[in-house]
Amino acid sequence: MSKNTPSRYHPLQVGLHWLVVLLIFSAFVLGKIMSQLPNEPAKITLLAIHMTLGIVTLLAVIVRFIARFRLPQPAHATTGNAFLDWLGKLVHYGLYVFVFLMAVSGISLSMQAGLMPVVFGGSGAPLPADFFDFTARMLHGFVAPALLLLVVVHAGAALYHQFVLKDNLLARMWHGN
Ligand code: HEM
């Protein structure tokens, strides 16, 4: 390891990582709840919260992606198995791509369905009868389980490092000396 390679992530990356975890979890749960509800006016507040969480997630992920190339990073974790190490890198990039797709498909949906003035502008217009009338709703619904799968693999790998390989990997994504 070069002397410029830190042993843990920069505090900005650590903060953004856990913020994005919280945002995605909240947007996901709220999205699932909303998709069970009829498109009545009472749903507008939930939509406003969900859409805000999703847009903030997109901004946080863009800042993280830029910071990734600007800040010194710890060396890529190794399991001792070349295939698993390659898979780890692939999942990391996949997470960026799928969070991006999730947010962009949500924004496309809100544009196709004319949601912005209804949700944030108080236009008083009714919500569309069914979001599935819009193609972006299908995409949003397909990307959601794919993102969930990547998150499960990613979290599972972190726990595997922490508790099976016992390399204390989680400390890299936390604050300390
Ligand atoms: C990373 C961010 C996001 C996540 C994790 C997320 C998650 C979800 C999930 C899980 C659903 C339900 C999907 C299903 O069961 O088929 C959903 C629905 C929805 N999302 Fe998102 N979303 C995100 C971003 C956004 C954004 C940025 C917008 C708009 C600006 C948006 C607007 C919507 C709308 C309008 C629905 C449909 C609700 C319904 O069917 O009643 N989402 N979202």
Side-chain angles (χ1 to χ4, degrees), residues 9-71 73 87-159 170 173-174:
Y9 285 94
H10 188 277
L12 175 70
Q13 286 286 42
V14 173
L16 285 171
H17 175 270
W18 295 109
L19 174 70
V20 168
V21 169
L22 205 67
L23 287 167
I24 291 182
F25 177 78
S26 319
F28 199 92
V29 171
L30 202 53
K32 283 287 171 198
I33 293 171
M34 282 191 317
S35 62
Q36 310 297 314
L37 300 174
N39 283 359
E40 286 168 1
K43 193 169 174 176
I44 290 178
T45 309
L46 293 183
L47 279 165
I49 299 171
H50 179 83
M51 289 163 67
T52 306
L53 289 171
I55 291 166
V56 174
T57 306
L58 178 63
L59 297 177
V61 165
I62 291 172
V63 174
R64 268 201 75 185
F65 196 69
I66 296 169
R68 187 188 169 93
F69 295 103
R70 300 255 163 145
L71 296 171
Q73 297 227 84
L87 196 64
K89 282 188 190 165
L90 193 70
V91 169
H92 281 177
Y93 281 106
L95 282 166
Y96 282 105
V97 171
F98 278 83
V99 173
F100 185 79
L101 281 179
M102 199 70 221
V104 168
S105 61
I107 292 169
S108 310
L109 171 59
S110 75
M111 287 163 71
Q112 283 183 346
L115 283 183
M116 291 295 182
V118 184
V119 173
F120 296 118
S123 76
L127 289 171
D130 187 354
F131 287 126
F132 281 98
D133 292 340
F134 306 98
T135 44
R137 178 66 182 84
M138 304 289 274
L139 183 60
H140 206 56
F142 279 130
V143 178
L147 175 61
L148 182 63
L149 180 71
L150 280 182
V151 169
V152 169
V153 171
H154 175 68
L159 295 176
L170 285 178
M173 215 18 125
W174 200 248

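Numbering of ligands and ligand atoms starts at 1, following listing order. In this chain, residues are counted from 1 in sequence order. All of these numbers come straight from a predicted model, not from anything done at the bench.
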Nearest non-hydrogen contact with [atom] belongs to which option: [options]?
atom                    : options                      : answer
atom 13 (C) of ligand 1 : Met116, Met34, Arg137        : Arg137
atom 9 (C) of ligand 1  : Ser108, Ala113, Ser26, Gly31 : Gly31
atom 5 (C) of ligand 1  : Gln112, Met102, Met111       : Met102

Ligand 1 contact by Gln36, heavy-atom criterion under 4.0 angstrom =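 So Gln36 does not count as touching ligand 1.
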Atom indices of ligand 1, in the order listed, that fall short of 4.0 Å to a heavy atom of [X]:
X      : result
Ala103 : 27 (C)
Leu109 : 34 (C), 35 (C), 36 (C)
Lys43  : 39 (C), 41 (O)
Gly141 : 16 (O)
Ile55  : 27 (C)
Leu47  : 35 (C)
Phe28  : 10 (C)
Gly54  : 2 (C), 24 (C), 27 (C)

Say you draw a straight line from CE of Met51 to CD1 of Ile44; how long is it, rounded to the nearest 0.5 Å?
->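 CD1 of Ile44 is found 10.5 Å from CE of Met51.
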Please check: side-chain N/O of [X] versus main-chain N/O of [Y], any donor-acceptor pairing under 3.5 Å?
X      : Y      : value
Trp18  : Met173 : yes
His140 : Met102 : yes
His50  : Ala27  : yes
Gln112 : Ala136 : yes
Asn39  : Pro128 : yes

With heavy atoms only and a cut-off of under 4.0 Å, state how Leu115 meets ligand 1: side chain, backbone, both or neither.
->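 Just the side chain.
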Ligand 1-proximal atoms of Leu30, by part, heavy-atom distance under 4.0 Å =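 No part of Leu30 is near ligand 1 at this cut-off.
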For [atom], grab the closest protein heavy atom and report residue, atom and distance to one decimal in Å.
atom                    : result
atom 39 (C) of ligand 1 : Phe131 CD1, 3.5 Å
atom 26 (C) of ligand 1 : Gly106 CA, 3.7 Å
atom 15 (O) of ligand 1 : Lys32 NZ, 2.8 Å

Mind telling me whether Phe65 and Phe69 have parallel, tilted or perpendicular rings, with 30° and 60° as the class edges?
->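 Phe69 and Phe65: perpendicular rings.
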Measure the acute angle between the ring planes of His154 and His92, then classify it against the limits of 30° and 60° as parallel, tilted or perpendicular.
->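 Rings of His154 and His92: perpendicular, over 60°.
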Count the heavy atoms belonging to other residues, nucleotides or ligands that lie under 6.0 Å from [atom1] of [X], then report whether that count exceeds 12.
X      : atom1 : value
Phe25  : CZ    : no
Phe28  : CZ    : yes
Phe142 : CZ    : no
Met116 : CE    : yes

Could you tell me whether Thr57 and ligand 1 have an N or O pair separated by under 3.5 Å?
->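 Between Thr57 and ligand 1 (N or O atoms, distance only) the closest approach is not under 3.5 Å.
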What's the NE2-atom 21 (Fe) of ligand 1-NE2 angle here (His140, His50), rounded to 10 degrees?
->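 Nearest ten degrees: 180°.
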